[in-house]
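One structure below.
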Amino acid sequence: MVSWIEILALPVLAHVVCVLIYIYTSKSFSNFGFINVSKLQLPHEQIKFYKKNPSDSKGNNELKTFTINDIIQSKIPGFRNNALSLFNPFLSVGGGHMHTMFAGVRKFKFSYKLNFKRMIIRLEDNGSAALDFLCTKDDLYKKLSEDDSIEIPESQISNLPSNMRYFSKNEIKEFNKKDESVTKPIVILLHGLSGSSSEAYVRCISKILFERYDFDCVVLNSRGCGLTQLTTPSLFCALWTHDLRHVVDLIKKTYPNRPIYAMGFSLGGDILANFVGQEGEKCKLNAVAIVGAPWDLCDY
């Protein structure tokens, strides 16, 4: 005895099979919003990186060359050319503009919950920026000693979100002490236009780096962003690299033997790219990653 549910399911199943056959035979994956196809664009001459191989029994220590494409092929299968991935069909309507609007409305507050300790830094022109250091829940709510306390920085708000607090007085003193023994890598993250450490994309990558790969993470909240109060009329833009330079110099001065990496998203990626170009060979960053940044701002 065939139930009415099975009768209704047969045409739907047949339709799905026909669509899959069409996709397979036509190879027109891009016509379907729920299927993504990666297109890898490589330059004619790829930048080659050099890495020393461990010395063999004869003492030979040759340099090994590799490219970004080599890393993609061996470590990131989702970025390989013509790699396929599924996308939520309910979000495929409307294209990129609709996705941007959706991300602006839905903040993903219950995804990638993180805790931060905030340090307000004063910049050369007396401007203020907030450094949000990713921390554990125990560190966030730890009991402070009797000679320690949390003071609200001048000109800043007192009511931070529940997952965040300011550095205590002793924590600031410890941070300002030069420590050559620390070698744990740290990543500086730069958010996009009007963003902050609360953005979903920042929390997502920070959680992975912090918990899975044991990196320390700090988010540079630009002037006026992330509940940071302005102390000068100056804001920031894609060419404003002074604040990032101040942060990199500060971390390098405190931890001279610590590898420093940086990742910038959207406008933050533009700031990071300009910073690296300005610094050139004297750049103190070990490596950078730029995500979703417009290269020609005159077109926008």
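From a predicted model like this one, the values you see are computed outputs, not experimental measurements.
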Linking I/L/V/M/F/W/Y whenever any side-chain heavy atoms sit under 4.5 Å apart, do Val291 and Val218 land together? no
Interatomic spacing from CD1 in Ile186 to OH in Tyr255 - rounded to 0.5 Å: 7.5 Å
For Phe133, the option from Phe175, Phe116, Phe215 that meets ring pair (Phe, Tyr, Trp, His ring centres under 6.0 Å): Phe175
Please confirm whether the backbone N or O of Asn126 pairs with a side-chain atom of Thr231, one donor and one acceptor, at under 3.5 Å? yes
Nearest heavy-atom neighbours spanning Gly192 and Ser266: CA-CB, 4.1 Å
All heavy atoms of Ile120 vs all of Pro153, minimum pair found to be CG1-CG, 3.7 Å
Cluster question for you: counting only ILVMFWY and a side-chain heavy-atom cut-off of under 4.5 Å, with indirect links fine, are Ile71 and Ile47 together? yes
Which atom pair, heavy atoms only, marks the closest approach of Ser38 to Gly78? OG-O, 2.8 Å
Is the closest side-chain heavy-atom distance between Phe210 and Val187 below 4.5 Å? no
Residues Leu230 and Gly224: closest non-hydrogen pair is CD2-N, 3.5 Å
So, do Glu279 and Lys284 sit near enough that their side-chain heavy atoms are less than 4.5 Å apart? no
Quick one about Arg258 and Thr183 (side-chain donor to acceptor, distance below 3.5 Å, no hydrogens or angles considered), yes or no? no
If I take atom OG1 from residue Thr67 and atom CD1 from residue Ile72, how far apart are they, to the nearest 0.5 angstrom? 8.0 Å
Do NZ/NE/NH1/NH2 and the carboxylate oxygens of Asp139 and Lys142 come within less than 4.0 Å? yes
So for atom NZ, which belongs to Lys48, do other residues, nucleotides or ligands contribute more than 12 heavy atoms lying within a distance under 6.0 Å? no
Quick one: are Ser222 and Asp243 in side-chain contact, heavy atoms under 4.5 Å? no
Does Leu134 share a hydrophobic cluster with Leu160, counting links as ILVMFWY side-chain heavy atoms below 4.5 Å and allowing steps through other members? yes
Surrounding OH of Tyr261 (heavy atoms of other residues, nucleotides or ligands, distance under 6.0 Å), is the total greater than 12? yes
Asp132 and salt bridge (charged side-chain N to carboxylate O under 4.0 Å, His left out): which single residue from Arg203, Arg118, Lys117 fits? Arg118
Shortest non-hydrogen contact from Glu180 toward Pro256: CG-CG, 3.6 Å
Between Met164 and Val219, is there shared hydrophobic-cluster membership here, with clusters defined by ILVMFWY side-chain heavy atoms closer than 4.5 Å? yes
Once salt bridge (Lys or Arg N to Asp or Glu O under 4.0 Å) is applied, what residue pairs with a partner in residues 259-269 remain, sequence neighbours excluded? none
If I take atom CZ from residue Phe236 and atom CZ from residue Arg223, how far apart are they, to the nearest 0.5 angstrom? 10.0 Å
Would you please classify the geometry between the Phe265 ring and the Tyr201 ring as parallel, tilted or perpendicular, with 30° and 60° separating the classes? tilted
Candidate pair Ile150 and Arg165, rule side chain to side chain contact (heavy atoms under 4.5 Å, CB included), full reasoning: CA-CA 8 Å; Ile150 297 176; Arg165 69 167 173 85; 3.6 Å; yes
Residue pair Phe49 / Ile68, side-chain heavy-atom distance below 4.5 Å: yes
Is the number of heavy atoms from other residues, nucleotides or ligands under 6.0 Å of Tyr213 OH greater than 12? no
Under 6.0 Å from the NZ atom of Lys137, do we count more than 12 heavy atoms belonging to anything else shown? no
State which residues pass salt bridge (charged side-chain N to carboxylate O under 4.0 Å, His left out) with Lys177; sequence neighbours excluded, sorted by chain then number. Glu174
CZ of Arg245 to CD of Glu124: how many Å apart, nearest 0.5 Å? 9.0 Å
Are Ile260 and Ile205 linked, directly or through other ILVMFWY residues, by side chains that come within less than 4.5 angstrom of each other? no
Give the C-alpha distance, both sets of side-chain angles, the deciding distance and a yes or no for side-chain hydrogen bond (donor to acceptor under 3.5 Å, both in side chains) between Asn170 and Ser168. CA-CA 6 Å; Asn170 288 347; Ser168 69; 5.8 Å; no
Verdict with supporting geometry, Lys178 and Lys253, side chain to side chain contact (heavy atoms under 4.5 Å, CB included): CA-CA 7 Å; Lys178 184 176 181 179; Lys253 179 181 178 181; over 6 Å; no
Glu211 side chain to Leu209 backbone, donor-acceptor under 3.5 Å: no
What heavy-atom pair brings Val37 and Asn82 nearest, and what distance separates the two atoms? CG1-CA, 3.9 Å
Stepwise side chain to side chain contact (heavy atoms under 4.5 Å, CB included) check, Tyr166 with Ser158: CA-CA 9 Å; Tyr166 289 110; Ser158 58; 5.9 Å; no
For the CG atom of Leu140 and the SG atom of Cys135, what is their distance to the nearest 0.5 Å? 5.0 Å
Expected output: side-chain Gln156 to main-chain Thr228 donor-acceptor under 3.5 Å: no
With rounding to the nearest 0.5 angstrom, report the OG to CG distance, Ser198 to Asn221. 8.0 Å
When you measure from the side chain of Asn81 to the backbone of Leu40, do you find a donor-acceptor pair of N or O atoms at a distance under 3.5 Å? yes
Evaluate Trp240 against Asn274 for side chain to side chain contact (heavy atoms under 4.5 Å, CB included), listing each step before the verdict. CA-CA 9 Å; Trp240 188 261; Asn274 278 312; over 6 Å; no
